[in-house]
S.K.: 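Supplied in C-alpha cells, the structure appears directly below.
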Amino acid sequence: MAENTYLIRGAAILGGEAEDLLIRDGIIEARGKDLADDDATVIDGNGLVALPGMVDVHTHLREPGREDAETVETGTRAAALGGFTAVHAMANSNPVADTAGVVEQVHSLGRASGWVDVRPVGAVTVGLAGEQLAELGAMADSRAQVRMFSDDGICVHDPVIMRRALEYVKAFDGVVAQHAQEPRLTAGAQMNEGAVSAVLGLTGWPAVAEESIIARDVLLAQHVGSRLHVCHVSTAGSVEIVRWAKARGINVTAEVTPHHLLLTDELVRSYDPVYKVNPPLRTDADVQALREGLADGTIDVVGTDHAPHPSEHKECEWAQAAMGMTGLETALSVVQETMIETGLMTWADFARVTSFTPAVIGRVADQGRPLEVGEPANVILVDPAARWTVDPHKMATMGRNSPFKGKELPGSVVATFFKGHPTVLDGKLNTPYRYPAVSGN
C-alpha cells in the first residue's frame, strides 16, 4: 500500500449522499461510487460525515512566552483532534506578535509541529498598547504572510488608531479583527450586567460596551473602504448592528464562539471561575439571537477563542481568576448540539461557518476548499451519532478550563486529514504531517 494514498469509503459528503473519496499525494484524486485503488489504505466511512477541515479564525496558542498555559505543539494537537486543519494564532503572546520576527517564529513552530496549518495573527498596535501601529506591512511581507491583525484581549479603543489600521491593511487585502469592548464602560467588570449580576453583587459588563465599538467600527470601515472582522460577538444588539451594516454593503464579518451559543450568565451563580470569560456569558435571549444570527448568515463564522490558562489562574476566587475557556476539542460537538440538532443548520451549513468562510476571511488559499477532485485533501470524518462526556484531563490541550467539564456532547471526530496525511485516526492522534524541506527556509 502507498503511504500517501487513502480511500474513504461511503462517507456522507457534507451530510448528503454517501460517496467514496480517493486521496493521493495530498490531493483529492477521485470522488464517486465504488472507487477502487490497490495502493490505497481503505478507511470505512459508513455512518460518518465527510467535511472539509475546520479553520479557526481565533485561537490562543500562548507561545512564545506563556508555555505554562499552552504551546504550539499542544495547542495544534488539540486542534487536530477537534477536526481543525488550520488555526489563526492570536498575537497576545510574550513577546507580543507585533514584528515580523515574532510572527515568523510562530509560523516556524507551526510547521515544525505539523498537526495543522498555523497562521499567525499580527498585533494591530505595538505591545497591544493601543498607541502606535505595529509593523503591519513587515508582518504581511514576512514568511508568515500575515493577513489578519488583532489586539484581541484588548480593544483598539482609539478611533484614530483604528482608522489608520483599517486604511493600512487595504494595501495587502488584510483585515482588522476587533475585540469590541469600550474599556471605560467595563472598568472592574466581572460578568454580564443584568439581573444575575445584580443578585450576586458583581460589577456588570454592559452590552453597550460591545455594541458601541462595533457601531463605530463598521462606520469607520465604510468610511475608508476596508475589511473589518468582529471577534466573539456576544449580544443580541451586536447581531442587529452587524445585520444593519451588511444591509448597507459594509465589508464586515463577525464570529461567535461555541460557548456563547450554549452557555448563559445563570452559570455564574456557582461562582465557578471556569465560567469567567471575555466577553462574558450573556442571557438566554442573547444566546437565541446569536444562534439565529449564525443560521441566517449575519454572523459569518464560528471562532473558538480557545484560551487555555494554568490551573492556578482559574482555580482561585472569582475576582482574581483569569478570563477564558478552552474550545478546540469541543467546538464541533457544541455547534452540532446548538445548531444542527436544533434544526437551525445542516452539515453543509456547518462547513460554511467552520471552514469555507473562515478560510476566506483569513485569506488561507488552500484551506476551506470543497471536497472535489483536484482540491487539497484537508478532510475530516465525523461520527454524528457518537456521544461523549467531556473530561478536560483527557484532552490534548494543556488548559483544563473547559466550561463543558462533565457534560455529554454529541458528535466526535474520527479522522483528520491534513494535506492528505492522517493526523488523527480512530479518534486518536496518529502522526504529524512533515513539510518537505525547502531550500533557504
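Note: hydrogens, waters and symmetry copies are ignored here, and every other heavy atom, side chains too, is used. By convention here, the first residue in the shown sequence is residue 1. The shown structure was predicted, so the numbers you read here are calculated from the model rather than taken from an experiment.
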S.K.: Let me know which of D217, N251, V169 forms a side chain to side chain contact (heavy atoms under 4.5 Å, CB included) with L228.
M.R.: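 Exactly one candidate clears the test, D217.
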S.K.: If you look only at pairs with a residue in residues 179-203, which of them pass as a salt bridge (Lys or Arg N to Asp or Glu O under 4.0 Å), with sequence neighbours excluded?
M.R.: E182-R184
S.K.: Less than 4.5 Å apart, any side-chain heavy atom of V218 and any of I214?
M.R.: yes
S.K.: Suppose the criterion is ring pair (Phe, Tyr, Trp, His ring centres under 6.0 Å): which pairs have a residue in residues 245-285, not counting sequence neighbours?
M.R.: none
S.K.: Look at atom NZ of K405 and say whether more than 12 heavy atoms of other residues, nucleotides or ligands are closer to it than 6.0 Å.
M.R.: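 It does not: K405 NZ has 12 such atoms or fewer within range.
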S.K.: Could you tell me the separation between the CD atom of E255 and the CG atom of D56, rounded to the nearest 0.5 Å?
M.R.: 8.0 Å
S.K.: With no hydrogens and no angle check, do the side chains of D300 and H229 hold a donor and an acceptor under 3.5 Å apart?
M.R.: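 There is no such pair between these side chains.
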S.K.: Quick one: ring pair (Phe, Tyr, Trp, His ring centres under 6.0 Å) partners of F418, sequence neighbours excluded?
M.R.: Y433
S.K.: Would you please name every residue forming a side-chain contact (heavy atoms from CB on, under 4.5 Å) with A289, sequence neighbours left out?
M.R.: A236
S.K.: Are E73 and S113 close enough that a side-chain donor and a side-chain acceptor fall under 3.5 Å?
M.R.: yes
S.K.: Ring-plane angle category for H58 and H232, please: parallel below 30°, perpendicular beyond 60°, tilted otherwise.
M.R.: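 Tilted, since the angle between the ring planes falls between 30° and 60°.
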S.K.: I'd like to know whether R282 forms a side-chain hydrogen bond (donor to acceptor under 3.5 Å, both in side chains) with T235, so could you lay out the CA-CA distance, the side-chain angles of the two residues, the decisive distance to 0.1 Å, and finally the verdict.
M.R.: CA-CA 7 Å; R282 304 289 189 178; T235 77; 5.9 Å; no
S.K.: For a 4.5 angstrom cut-off between non-hydrogen side-chain atoms, does L136 reach R164?
M.R.: no
S.K.: Give every residue pair that meets the side-chain hydrogen bond (donor to acceptor under 3.5 Å, both in side chains) criterion with at least one member in residues 311-332, sequence neighbours excluded.
M.R.: Q190-W318
S.K.: Partners of F172 by ring pair (Phe, Tyr, Trp, His ring centres under 6.0 Å), sequence neighbours excluded?
M.R.: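 Expected list: F149.
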S.K.: Hey, are R66 and N94 close enough side-chain-wise for a donor-acceptor pair under 3.5 Å?
M.R.: no
S.K.: With distance as the sole criterion, is a donor-acceptor pair present between the side chains of E131 and T125 under 3.5 Å?
M.R.: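 Their side chains do not contain a donor-acceptor pair, so the 3.5 Å distance test is not met.
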